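Only this structure's heavy atoms are used, side chains among them; waters, hydrogens and symmetry mates stay out. This structure is a prediction, so every number in the text was calculated from the model and none was measured.
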Amino acid sequence: MSLSQIKNKILSSSFIKKLLFGTFWMTFGTLISRGLFALASIVLARILTVDEFGEFGMVKSTIDNFLIFASMGIGLTTTKYISELKDNDKKAASSVLGASISIVLILSTLIALLISVFSEKIASDILGNTNLQIPLIIGSFTLIFIALNGTQMGALLGFQAYKKNSTSNIFQGLFLFLGLIIGGYLGGVKGALIGNLIAIAMVSIVLQILLRQESKMQEIGLNLENWKYNVKKIYKFAIPASLSTIIVAPTIWFLNTLLVNQPNGYKELGLYSAVIIFSTAIQMFNGAISSVLLPMFLSKSEEKTPNKEFFNYFGSWIISIIIALPLIVFPELVSLVLGSKYETDKIVPILGMSIVATLIITNKAGVSRDLIIKNKMWLSVFSMGQWAITNLLIFYFLKEYGALGFAFSYMASYLMNYLIFLPYFIHQKISPSIIFYNKWNFILWALILILVGCNVFMYNQLIIRVIVTIITVGFIIVSIFKLYKLCLKKL
């Protein structure tokens with residue numbers, strides 16, 4: 001097929017144009033934003049001591065825990081209702097937008113005040129570090145702007161304003177890059193958190209400008225008409241949506257608390273936080289693609305085809321595998337980037353386990369969209385509940401292993417969740433069976449685990465690693481092609 005034929009095929013399909021355009025802008029914006037943030041985190045990890053970086057991670061984890069209550073899943077809810085209403089009922093869309101922003105501002109302000117009032121108790125009694133009181137207060141005001149930003153970005157996604165969303169992401173990455181590095185250099189942990197606060201506040205201003213521009217173009221305003229009705233409507237979806245996240249944040253926080261209360265706990269948390277910067281970077285592509293696909297599949301006018309369905313269920317997973325391969329094969333790169341403060345013999349297994357956990361998450365991305373589209377968010381709550389309980393139980397018995405036990409508990413809990421709930425969702429006819437019950441899916445997973453295991457357990461055997469890698473990668477490419485052919489017949 002010639003380049004002109006490919007171009008004509010793309011231009012003739014509205015889905016492909018939207019997907020490519022949206023994915024490009026969301027990926028570009030997210031890449032710049034997450035890339036700058038990851039770079040800032042690496043620089044910050046080198047500026048601060050390992051203990052200080054652990055303290056910084058603990059404060060952020062604590063604030064993230066409370067953020068769930070400040071936002072209550074309203075960002076995702078805004079995306080859903082704006083997507084469904086923007087073309088057929090602009091007045092209702094305006095009311096939903098107004099109600100969403102007002103609710104988030106009220107909730108986030110109340111939560112910030114509560115954290116500030118009880119900051120001393122949280123720092124001393126729970127975190128076991130009285131030096132974290134002021135950092136907690138600084139972080140509490142950050143969550144007001146984070147919650148507001150999430151709702152405004154949710155609205156832009158509902159409008160399918162991918163370029164504007166990308167623009168806000170780029171500004172966010174730039175502001176955070178400057179804020180974290182300058183703040184950390186000048187003021188340590190407190191300085192980094194102040195820089196973070198200023199950066200997030202500036203992003204809120206940018207988002208407000210972009211949202212006003214897009215709302216005007218879409219002929220949708222922002223009003224508080226039928227406020228009580230819209231609040232009930234929002235929370236009918238938002239409550240189960242937020243509960244899934246509410247389960248995750250406290251779980252991570254409790255796990256972090258268990259870890260930091262072990263000998264050298266903050267150092268171990270600092271090690272884990274530094275290594276997962278790389279697997280978190282992989283997830284940004286999954287997030288970018290999901291942000292494009294969700295509004296499109298929420299639209300009832302979007303025709304479904306086998307190619308679209310394949311990309312929906314496997315696209316971000318395959319992309320994540322491709323991105324992860326260099327990190328799996330050359331874990332020395334991670335060690336080199338982080339510096340000599342971080343022990344290589346611990347970095348390699350933590351990296352391998354975190355990548356496996358990330359690939360499980362991206363493999364389930366299409367199913368997560370199915371739950372949103374079909375209003376089955378309560379099932380997501382049960383799924384994340386199982387993940388949380390499993391994670392806490394495993395790490396409780398492995399906490400003396402520090403960051404290694406931490407990484408293993410995450411990977412094992414995601415694996416168990418995948419094996420338990422994906423078949424259940426298929427049984428409930430939420431997702432098609434072919435996405436799980438096919439031999440190429442299992443073969444791909446086996447190849448990935450072989451590749452990760454080889455590069456972790458035979459880290460010092462370079463020749464063996466190279467040979468196994470060449471063979472395995474070849475089989476992975478063939479398996480992806482076979483999976484695609486099979487899905488075109490079955491989806």
Please confirm whether the ring centroid of F442 lies under 6.0 Å from the ring centroid of F436. yes

Between L444 and W317, is any pair of side-chain heavy atoms under 4.5 Å apart? yes

Could you check whether any side-chain N or O of N226 sits under 3.5 Å from a backbone N or O of Y229, counting only pairs where one atom can act as donor and the other as acceptor? no

Start with the C-alpha distance between I122 and F66, add both sets of side-chain angles, then the distance that settles side-chain contact (heavy atoms from CB on, under 4.5 Å), and finish with yes or no. CA-CA 12 Å; I122 294 171; F66 286 102; 4.2 Å; yes

Ring geometry between Y424 and H427 (parallel below 30°, tilted from 30 to 60°, perpendicular above 60°): tilted

What's the shortest heavy-atom distance between A357 and M411, and which atoms? CB-CA, 4.1 Å

Heavy-atom side-chain proximity of F37 to T280 below 4.5 angstrom: no

Test S100 against every option in T79, T78, T77 by the side chain to side chain donor-acceptor pair (under 3.5 Å) rule and name the one that passes. T78

Test item: T362 side-chain N/O and L359 main-chain N/O as donor-acceptor pair under 3.5 Å: yes

Under 3.5 Å, is there a donor-acceptor pair linking the side chains of S116 and S140? yes

Side-chain heavy atoms of L44 within contact of I181, under 4.5 Å: no

In the structure I gave you, are the side-chain heavy atoms of Q428 and K376 within less than 4.5 Å of one another anywhere? no

Go through N149 and I200 one step at a time and tell me if the side-chain contact (heavy atoms from CB on, under 4.5 Å) criterion holds. CA-CA 8 Å; N149 292 355; I200 296 299; 3.6 Å; yes

Distance only, no hydrogens: is a donor on one side chain within 3.5 Å (strictly under) of an acceptor on the other, for Y313 and N363? no

Go through S479 and W440 one step at a time and tell me if the side chain to side chain donor-acceptor pair (under 3.5 Å) criterion holds. CA-CA 6 Å; S479 299; W440 296 111; over 6 Å; no

What one should report as the nearest heavy-atom pair of I355 and A324 is CG2-CB, 3.9 Å

Is there a donor-acceptor pair under 3.5 Å between the side chain of K374 and the backbone N or O of I430? yes

Tell me, do Y437 and P423 make a side-chain contact under 4.5 Å, heavy atoms counted? yes

Is there a donor-acceptor pair under 3.5 Å between the side chain of N196 and the backbone N or O of A192? no

Looking at every heavy atom in both A70 and L143, which two are closest together, and how far apart are they? CB-CD1, 3.6 Å

Polar side chain donor-acceptor pair, N391 to S409, under 3.5 angstrom: yes

Applying side-chain contact (heavy atoms from CB on, under 4.5 Å), run through E55 and K190 and close with a yes or a no. CA-CA 10 Å; E55 290 178 354; K190 293 178 185 176; over 6 Å; no

Could you grab the distance from atom CD1 of I318 to atom CD1 of I323, nearest 0.5 Å is fine? 12.0 Å

Under a 3.5 Å distance rule, please check whether S215 uses its side chain to pair with a backbone N or O of L211 as donor and acceptor. yes

If I take atom CG from residue L269 and atom CG from residue L255, how far apart are they, to the nearest 0.5 angstrom? 10.5 Å

Worked verdict on F421 versus I426 for side-chain contact (heavy atoms from CB on, under 4.5 Å): CA-CA 8 Å; F421 275 91; I426 290 170; over 6 Å; no

Taking all heavy atoms of S102 and all of W227, pick out the closest pair and write down the distance. OG-NE1, 2.8 Å

Answer yes or no: is there a side-chain heavy-atom contact under 4.5 Å between L156 and Y162? no

Output yes when a side-chain donor or acceptor of S320 lies under 3.5 Å from a complementary backbone atom of S316, and no otherwise. yes

Is there a side-chain contact between E309 and C487 (heavy atoms, below 4.5 Å)? no

Determine the minimum heavy-atom distance between A388 and T251, stating which atoms define it. CB-OG1, 3.1 Å

Name all residues meeting the side chain to side chain contact (heavy atoms under 4.5 Å, CB included) criterion together with S368; count only those two or more places apart in sequence or in a different chain, and write none if there are none. none

If the plane angle is over 60° it's perpendicular, under 30° parallel, otherwise tilted; pick one for F406 and Y272. perpendicular

Working to the nearest 0.5 Å, report the span between CG of L207 and CG of N169. 8.5 Å

In terms of ring plane angle, is the pair W25 and F28 parallel, tilted or perpendicular, where the classes change at 30° and 60°? perpendicular

Taking C-beta and beyond as the side chain, do L136 and L127 meet within less than 4.5 Å on heavy atoms? yes

Would you give the length of the straight line joining atom CD1 of I389 to atom CE of M416, rounded to the nearest 0.5 angstrom? 10.5 Å

How about F175 and F171: are their ring centres within less than 6.0 Å of each other? yes

Side-chain donor-acceptor pair present, W387, Y410, cut-off under 3.5 Å: no

Atom pair CG (L351) and CE (M353), whose distance is rounded to the nearest 0.5 Å: 10.0 Å

Ignoring hydrogens and geometry, is there a side-chain-to-backbone donor-acceptor pair from S94 to G221 under 3.5 Å? yes

Would you name the heavy atoms of N230 and V96 that are closest together and state the gap between them? OD1-CG2, 3.5 Å

Please check if the side chain of K90 supplies one atom and the backbone of Q218 the other of a donor-acceptor pair under 3.5 Å. yes

CD/Q172 to CG/L176 distance, rounded to the nearest 0.5 angstrom? 5.5 Å

Got a sec, which pairs hit side chain to side chain donor-acceptor pair (under 3.5 Å) with one end in residues 377-386, sequence neighbours left out? S244-S380, S383-N417, Q386-T390, Q386-N417

